[in-house]
2 protein chains.
Amino acid sequence: MSTTTPTTTSTAGSKAVSTTASVPLTAKTRAAAPSAATTQTNWQSVRDEVLRRIHTREWKPGDQIPKEVELAEELGCARATVNRALRELAAEGFLDRRRKAGTRVATHPVRRAKLDIPVIRLEIEGRGQKYAYGLLYSERRTPPPEICTNLGVTPDNDMLHITSLHLADGKPYMFEERWVSVAATPQIADADLSKISANEWLVLHAPYTKGDISFSAVLASDTEARILRTHKDAPLFLIERTTWEGENGITSARLLFAPGYRMHSAI
Amino acid sequence: MSTTTPTTTSTAGSKAVSTTASVPLTAKTRAAAPSAATTQTNWQSVRDEVLRRIHTREWKPGDQIPKEVELAEELGCARATVNRALRELAAEGFLDRRRKAGTRVATHPVRRAKLDIPVIRLEIEGRGQKYAYGLLYSERRTPPPEICTNLGVTPDNDMLHITSLHLADGKPYMFEERWVSVAATPQIADADLSKISANEWLVLHAPYTKGDISFSAVLASDTEARILRTHKDAPLFLIERTTWEGENGITSARLLFAPGYRMHSAI
DNA sequence: AGTGTTATTATGTACGTACATATTATATTT
DNA sequence: AAATATAATATGTACGTACATAATAACACT
């Protein structure tokens with residue numbers, strides 16, 4: 001900082017060059033000196049300090065906070081470090097940043113819940129339950145109109161219609177009804193979908209560029225109730241997913257969860 | 001700016017110094033030369049190129065990808081740039097990175113759906129509908145046991161019990177039942193909760209450090225059905241939220257959405 | 001063969017400099 | 001006063017260097 005320093009040449013040189021093998025003495029010392037765990041003048045510290053000031057209402061929603069250079073100076077680190085911290089906080093919705101206008105505490109902190117959507121098998125096994133899977137039905141046929149609309153394919157498209165049941169500790173957990181475009185992923189015709197679920201097969205073999213997911217509550221139909229071993233009109237949690245590779249619709253699925261299912265997330 | 005640069009020395013100097021006012025000629029040229037939009041040798045390009053290779057299955061799930069220095073060389077940028085791109089992709093679940101072990105394409109791409117959880121008012125207004133809000137009930141009382149457990153407070157805690165209804169275009173949209181710890185946010189006692197929803201008031205005045213959210217499907221009770229102007233045993237989408245400031249429970253809420261509600265997200 | 005120690009290595013991150021870009025603020029012209 | 005050009009400024013990002021850290025690989029030793 002303060003620039004010029006005509007003789008110093010390369011930026012961080014003063015730290016490591018002259019003093020040969022000595023421990024760096026500048027900002028780094030503060031970081032290394034404290035004993036135990038994560039006490040460093042790093043970007044995480046900056047993030048935490050900023051968060052602290054927001055939570056203590058030292059900086060209130062709508063307030064403009066000091067500019068990067070000022071914060072960097074105050075906290076004893078480089079602007080890049082402050083930048084990284086503030087960038088993360090902005091991405092999480094705590095801050096609003098605009099060039100020239102500066103950085104403000106978000107007035108409507110749109111909290112971004114990060115929903116991990118894992119493969120069902122891993123979700124179940126992750127809870128220490130035994131996963132099982134059964135293929136109920138699999139057939140190649142032309143899709144109904146609403147699926148065509150969803151995926152943006154023509155009605156004569158060659159598709160695979162699959163229904164299957166996922167079980168946790170032997171109990172029905174999720175009922176999956178899925179349409180897969182054979183044109184988009186020809187190899188699935190050869191896959192043994194009684195061994196591996198279509199869900200998991202697709203994750204491994206058909207990466208997508210665009211996906212859409214929606215969550216809602218529905219009543220169990222007769223069939224669905226029988227399969228999930230519950231009663232008609234039970235409230236079911238429904239996830240509908242559609243994925244595309246470029247413009248080509250790959251698959252569209254309805255995932256119906258047994259009563260009592262809760263999807264969790266921390267913010 | 002630029003200042004000084006007496007003998008060049010400083011790292012990127014070669015770019016700008018010698019050729020005076022000319023356009024930088026090295027890596028930057030490739031960036032600036034193409035005509036239209038976002039063609040740059042920046043971290044976004046790196047990210048896109050890596051994503052492309054994943055989608056084209058040039059790099060398959062489980063594969064180890066080149067190390068940062070190699071990619072940087074191949075793509076003509078600094079390692080820091082590659083690092084940023086790969087870091088983002090890892091955060092989104094496309095890559096698994098481990099020190100020394102290198103970077104691999106994620107075998108189970110746990111897609112992280114970013115669920116924006118806005119203030120209800122903004123959600124409704126964002127769709128161009130008219131938002132309205134009615135306070136149904138508000139009373140200070142001691143909470144029932146399950147709320148105490150949720151929030152980790154003692155049963156004698158002074159709390160505010162609030163129920164309210166949010167409407168879109170005059171139609172019931174969401175029924176909110178909420179407990180707020182008055183000890184944690186004393187100012188709420190003075191707020192006029194018939195003007196501003198507790199939801200929105202809390203967002204503005206009670207930032208939290210920890211939040212928990214869960215989604216499920218339930219049947220409408222008699223009361224709930226009446227309030228949401230639907231019939232008993234209708235399937236309702238339920239969001240349960242609890243937030244803490246440090247160790248202090250602030251609020252716990254049940255948000256019951258009218259039938260037909262769908263929560264959306266793109267992946 | 002098994003165990004502990006020491007290199008080696010790829011990612012993680014901090015730093016300062018340089019420049020790009022989007023906005024806002026100011027000056028200038030009509 | 002309104003419109004337009006110009007300067008100022010905060011964030012955005014690229015670069016190279018340096019070092020930290022975690023995890024593996026190689027090695028020595030029993």
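What you see below is based on every heavy atom in this structure, not just the backbone, and it leaves out hydrogens, waters and symmetry mates. Chain letters run A, B, ... following the sequence lines, proteins first, then strands; residues in each count from 1. Every value quoted in this text rests on a predicted model; they were computed, and no experiment measured them.
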What's touching nucleotides 3-5 of chain D from the protein side, N or O pairs under 3.5 Å?
none

* **Set of salt bridge (Lys or Arg N to Asp or Glu O under 4.0 Å) partners for A:R104, sequence neighbours left out** =>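 For A:R104, no residue satisfies salt bridge (Lys or Arg N to Asp or Glu O under 4.0 Å) once neighbours in sequence are set aside.
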* Can you list the residues that meet the salt bridge (Lys or Arg N to Asp or Glu O under 4.0 Å) rule with A:R241, with sequence neighbours excluded? ->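 In terms of salt bridge (Lys or Arg N to Asp or Glu O under 4.0 Å), with neighbours along the sequence ignored, A:R241 is linked to no residue.
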* To do: On DNA chain C, check which nucleotide each of A:R99 and B:A101 is closest to and give me the residue with the more 5' one.
  => B:A101
* Take B:A80 and B:P66, find for each the nucleotide of DNA chain C with the closest heavy atom, and name the residue whose nucleotide sits nearer the 5' end. =>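 Whichever sits nearer the 5' end wins; that is B:P66.
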To the nearest angstrom, how far is [X] atom [atom1] from [N] atom [atom2]?
{"X": "B:E70", "N": "C:dT11", "atom1": "CD", "atom2": "C1'", "result": "13 Å"}
{"X": "A:E68", "N": "C:dG16", "atom1": "CD", "atom2": "P", "result": "14 Å"}
{"X": "A:K67", "N": "D:dT11", "atom1": "NZ", "atom2": "P", "result": "8 Å"}
{"X": "A:W43", "N": "D:dC19", "atom1": "CH2", "atom2": "P", "result": "23 Å"}
{"X": "B:K100", "N": "C:dT13", "atom1": "NZ", "atom2": "P", "result": "19 Å"}
{"X": "B:Q64", "N": "C:dT9", "atom1": "CD", "atom2": "P", "result": "14 Å"}
{"X": "A:R87", "N": "D:dA10", "atom1": "CZ", "atom2": "C1'", "result": "15 Å"}
{"X": "B:L86", "N": "C:dT11", "atom1": "CG", "atom2": "C1'", "result": "10 Å"}

Looking only at side-chain N and O atoms, does [X] come under 4.0 Å of OP1 or OP2 in [N]?
{"X": "A:T103", "N": "D:dA10", "result": "no"}
{"X": "A:N83", "N": "D:dG12", "result": "yes"}
{"X": "B:R84", "N": "D:dT13", "result": "yes"}
{"X": "B:T81", "N": "D:dC15", "result": "yes"}

Go through the structure and list residues passing side chain to side chain donor-acceptor pair (under 3.5 Å) with [X], not counting sequence neighbours.
{"X": "B:E49", "result": "B:R52, B:R53"}
{"X": "B:E200", "result": "B:R121"}
{"X": "A:T103", "result": "A:R97"}
{"X": "A:R84", "result": "none"}

* **Set of residues satisfying side chain to side chain contact (heavy atoms under 4.5 Å, CB included) with respect to B:A78, sequence neighbours excluded** => B:T81
* For B:R79, report the nucleic acid contact type (base, sugar-phosphate, nothing); a contact means any heavy atom under 4.0 Å. => base
* To do: Tell me what A:Q44 touches on the nucleic acid: a base, only sugar-phosphate, or nothing, going by heavy atoms under 4.0 Å.
  => sugar-phosphate
* Any residue of residues 91-98 of chain B with a heavy atom less than 4.0 Å from an atom of DNA chain C ->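 The answer is B:R97, B:R98.
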* To do: Starting from the C-alpha separation in whole Å, work towards a yes-or-no answer on side chain to side chain contact (heavy atoms under 4.5 Å, CB included) for B:D212 and A:H264.
  => CA-CA 8 Å; B:D212 206 85; A:H264 267 280; 3.8 Å; yes
* Heavy-atom pair of closest approach, residues B:M174 and B:L255 -> SD-CB, 3.7 Å
* Asked: Side chains of A:H55 and B:E245: donor-acceptor distance under 3.5 Å anywhere?
  ->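 No, B:E245 and A:H55 have no side-chain donor paired with an acceptor closer than 3.5 Å.
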